[in-house]
Amino acid sequence: VQLQASGGGLVQAGGSLRLSCRASGGIFNINLMGWYRQAPGKEREFVARINSGGSTYYQDSVKGRFTISRDNNAKNTMYLQMTSLKREDTAVYFCYAELTRTYWGQGTQVTVSS
């Protein structure tokens, strides 16, 4: 199983970005996918997750600003729409998928400038 994350970049505070994560490797259904992030000098922290039924859960600091979703046609593709970005959202964002174990993507950098 491989996870490919994309969509990071440099954005001004208040702006938006959409991250994508695609899982491949002959899998047909992933129960749980989500995102973590790691800022410089800090531990990796949970951001959001979504299950195969569409139920979502968010870290408090991103509620109302971030939206996690899965592609209706390609269930192994996940998105994180980030709006009203703040400087403290700057981090490397990692997607993950839970099957028999947890698989991680390579990370995509999000930098929010003031």
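Note: hydrogens, waters and symmetry copies are ignored here, and every other heavy atom, side chains too, is used. All of these numbers come straight from a predicted model, not from anything done at the bench.
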Cation-aromatic face contact R18/Y79, 6.0 Å, 45 degrees: yes
R22 to T77 - nearest heavy-atom pair and separation: CG-OG1, 3.8 Å
Minimum side-chain heavy-atom gap T90-V110 below 4.5 Å: no
Residues, nucleotides or ligands: over 12 heavy atoms within 6.0 Å of E98 CD: yes
L3 side chain reached by C95 side chain, heavy atoms, under 4.5 Å: yes
Heavy-atom side-chain contact between L32 and R49 under 4.5 Å: yes
Mutual orientation of the aromatic rings belonging to F94 and W104 [parallel < 30°, tilted 30-60°, perpendicular > 60°]: perpendicular
For A97 against M33, the heavy-atom pair lying closest together: CB-CG, 4.2 Å
Residue pair V92, T108: steps toward the side-chain contact (heavy atoms from CB on, under 4.5 Å) verdict: CA-CA 5 Å; V92 178; T108 183; over 6 Å; no
Interatomic spacing from OG1 in T56 to CZ in F66 - rounded to 0.5 Å: 14.0 Å
Non-hydrogen atoms of R87 and S113 that approach each other most closely: CG-C, 4.3 Å
Test item: R37 and V62 side chains (from C-beta on) under 4.5 Å apart, heavy atoms: yes
Ring centre gap for Y96 and Y103 strictly below 6.0 Å: no
Atom of L85, atom of R65 and distance for their closest heavy-atom approach: CA-NH1, 3.9 Å
Shortest non-hydrogen contact from I68 toward M78: CD1-SD, 3.8 Å
For the student: nearest non-hydrogen atoms of I30 and A23, plus distance: CD1-CB, 3.6 Å
D60 vs K63, salt bridge (charged side-chain N to carboxylate O under 4.0 Å, His left out): CA-CA, chis, key distance, verdict: CA-CA 5 Å; D60 285 346; K63 285 181 181 177; 3.0 Å; yes
Separation of E45 CD from W35 CH2 (nearest 0.5 Å): 14.5 Å
Y36 and F46 aromatic centres sub-6.0 Å: yes
Verdict with reasoning, T83 to Q81, per side-chain hydrogen bond (donor to acceptor under 3.5 Å, both in side chains): CA-CA 7 Å; T83 63; Q81 179 69 48; over 6 Å; no
From S114 atom OG to Q12 atom CD, the distance as rounded to the nearest 0.5 Å: 8.5 Å
Side-chain donor or acceptor of T111 paired with backbone N/O of L10 under 3.5 Å: no
Residues, nucleotides or ligands: over 12 heavy atoms within 6.0 Å of R44 CZ: yes
Flag side-chain contact, heavy atom, 4.5 Å: Y93 against L80: yes
Co-membership, hydrophobic cluster, residues V11 and M82, 4.5 Å side-chain: yes
Within 6.0 Å of CD in E88, more than 12 heavy atoms from elsewhere: yes
